[in-house]
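Counting convention: from 1, in listed order, for ligands and their atoms alike.
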Amino acid sequence: MFNTTDKIIIAGPCSVETEEQMMTIAKGLRAANLTLLRGGIWKPRTRPNSFEGVGELGLPWLKSAGELIGVPVTTEVAKGDHVEMALNAGVDVLWIGARTTVNPFAVQEIADALKGVDIPVMVKNPVNPDVDLWMGAIERLSAVGIKDIAAIHRGFSSYGQKVYRNVPMWELPIELKVRMPEIKIICDPSHICGRRDLLKAVAQKSYDLDMDGLMIETHHLPDEAWSDASQQITPSVFKEMISELIIRKPEAQDLNLSKSLEVLRSQIDQIDHDLIQLLATRMKTAREIGEFKKENDITILQLGRWKEIHDARKALGENLGLSEKFLEVFLNALHKESINQQNEVMNISRSLDK
Ligand code: PEP
Ligand code: MN
């Protein structure tokens, strides 16, 4: 299922609501070239009294909607008995939700229920930003013999977050890609954004980061959806969005293009090399200042001096087009490392003195 170089495209409603709803959505998605039709049967909800899914009763609706358009179907499982019911109903692919991936007992229960079963499984990232936990769930499935596994990046919860429902933190799926290069990563812009207007930009960004596909919630009447109404789009908006996304190549094919890329890359290599050397020189100087402070019994941290450095460097960086966010992170890391280096000079050598 996931062993393909084509983008994996998954669409369908957040929740299966009625048979008619599933059929209507499926018909709308007929020409969309879907890899999978999705529909939530058991819905993990943050607060009680929200719609918690139609349950087992909806499985045949999902299945026949897929059959109607000749597309395999997928649903979320959170417990061993969900697995059993989904398998009995002929669901083609399962996924583990973000609230389940956080819990190794629950993941293990699902894995145990899948022992000896040959079915593709997708694993959403845990709600908290922890790549090990994400990998752990994938490993538990591999350990029971599941071979066809993909990951889904759906963003990470953060308290008081305004723009995104779940912050993308792209560095995490990138880390998963580096640590498990064989695992395809499907981006779920719907749960990252929580709102329609941001979906396309997030989907495009995932393509530009060479992610392997998309899962997007679609509903024929998005505003009336029984769950996640504000992030769902109609099948026709979905089809238009997908057709407008640009798929860029990971490598330049044309020889001239790849030559110019090589030139730019070698410039970057040289700049990085110089940067690291400069940073090492800066830290060497910081250590010399540490020696001086030690001789003269002066504190490492001098707030006034730090503020001066911070503000001046930030203004310089901003004038040169660097973002405020990057400068904050960079300057703080620089300051922290200088303090550590000075601390080492002042305290380790002091303890050696004694
Ligand atoms: C869903 O896909 O509808 C869902 C509940 O997602 P998540 O596990 O990412 O919250
Ligand atoms: Mn949803």
Side-chain angles (χ1 to χ4, degrees), residues 8-17 21-22 25 34-48 50-55 58-59 62 73-79 82-83 86 91 93-103 106-107 110 120-131 133-134 137-138 141 150-158 161 164-169 172-173 176 185-196 198-199 202-203 206 211 213-235 238:
I8 299 155
I9 302 293
I10 307 168
C14 178
S15 303
V16 172
E17 298 165 5
Q21 169 242 17
M22 275 316 299
I25 296 171
L34 290 190
T35 315
L36 287 167
L37 175 69
R38 66 156 278 158
I41 292 287
W42 301 280
K43 302 302 298 177
R45 307 315 301 271
T46 305
R47 309 275 303 271
S50 316
F51 172 61
E52 295 192 321
V54 291
L59 287 167
L62 174 64
V73 298
T74 182
T75 200
E76 172 175 350
V77 289
K79 304 194 296 176
H82 291 168
V83 171
V91 171
V93 174
L94 305 177
W95 90 75
I96 297 181
R99 291 168 189 77
T100 306
T101 310
V102 291
N103 181 350
V107 175
I110 293 167
V121 183
M122 303 181 285
V123 182
K124 287 207 176 194
N125 66 256
V127 286
N128 56 320
D130 183 337
V131 175
L133 210 43
W134 201 357
I138 294 170
L141 293 168
I152 301 177
H153 167 225
R154 52 78 78 195
F156 302 88
S157 347
S158 101
Q161 181 64 38
Y164 294 108
R165 177 177 176 192
N166 292 291
V167 220
M169 301 180 81
L172 277 95
L176 182 72
I185 306 180
I186 298 159
C187 180
D188 170 353
S190 305
H191 292 89
I192 291 177
C193 300
R195 46 192 263 199
R196 292 170 201 130
L198 301 176
L199 294 176
V202 168
S206 80
M211 299 295 161
L214 294 168
M215 178 191 257
I216 295 188
E217 288 185 342
T218 43
H219 195 289
H220 63 305
L221 297 169
D223 286 328
E224 287 167 35
W226 296 2
S227 59
D228 288 351
S230 52
Q231 69 196 28
Q232 302 207 54
I233 51 175
T234 61
F238 166 79

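Those atoms of ligand 1 with a heavy atom of G97 less than 4.0 angstrom away are 8 (O). Residue K124 approaches ligand 1 through these ligand atoms, each under 4.0 Å from one of its heavy atoms: 1 (C), 2 (O), 4 (C), 6 (O), 7 (P), 8 (O), 9 (O). Atoms of ligand 1 found under 4.0 Å from any heavy atom of K43 (numbered from 1 in listed order, with element): 1 (C), 3 (O), 5 (C). Ligand 1 places these atoms under 4.0 Å from at least one heavy atom of A98: 8 (O), 9 (O). Annotation for ligand 1: atoms under 4.0 Å from non-hydrogen atoms of E217 are 1 (C), 3 (O).
Contact check for F238 versus L34: side-chain heavy atoms found under the 4.5 Å cut-off. The shortest distance between side-chain heavy atoms of I10 and I8 falls below 4.5 Å. Side-chain contact between S230 and R195 is absent, with no heavy atoms from C-beta onward closer than 4.5 Å. Between R38 and M122, the closest side-chain pair of non-hydrogen atoms is not below 4.5 Å.
Close N/O approach between D188 and ligand 1 is not found [any backbone or side-chain N/O within under 3.5 Å].
Using 4.0 Å as the threshold, C14 has a heavy atom nearer than that to some atom of ligand 1.
For atom 4 (C) of ligand 1, the nearest protein heavy atom (residue, atom name, distance) is H191 NE2, 3.5 Å.
When heavy-atom distances to ligand 1 are checked against a 4.0 Å cut-off, E76 comes that close only through its side chain, counted from C-beta outward.
Separating the CD1 atom in I9 from the OG1 atom in T35 is a distance of 6.0 Å, to the nearest 0.5 Å.
Residue R154 holds the heavy atom nearest to atom 10 (O) of ligand 1 of all those in Q231, R154, R165.
Geometry about the Mn ion (ligand 2) gives an angle of 100° between OD2 of D228 and SG of C14, rounded in steps of 10 degrees.
Sorting the N, O or S atoms of E217 by how far they are from the Mn ion (ligand 2) puts OE2 first.
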Evaluate side-chain contact (heavy atoms from CB on, under 4.5 Å) for L176 paired with N125, printing each intermediate quantity in order.
CA-CA 10 Å; L176 182 72; N125 66 256; over 6 Å; no
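Salt bridge annotation for R196-D223: present, with a cationic side-chain nitrogen under 4.0 angstrom from a carboxylate oxygen.
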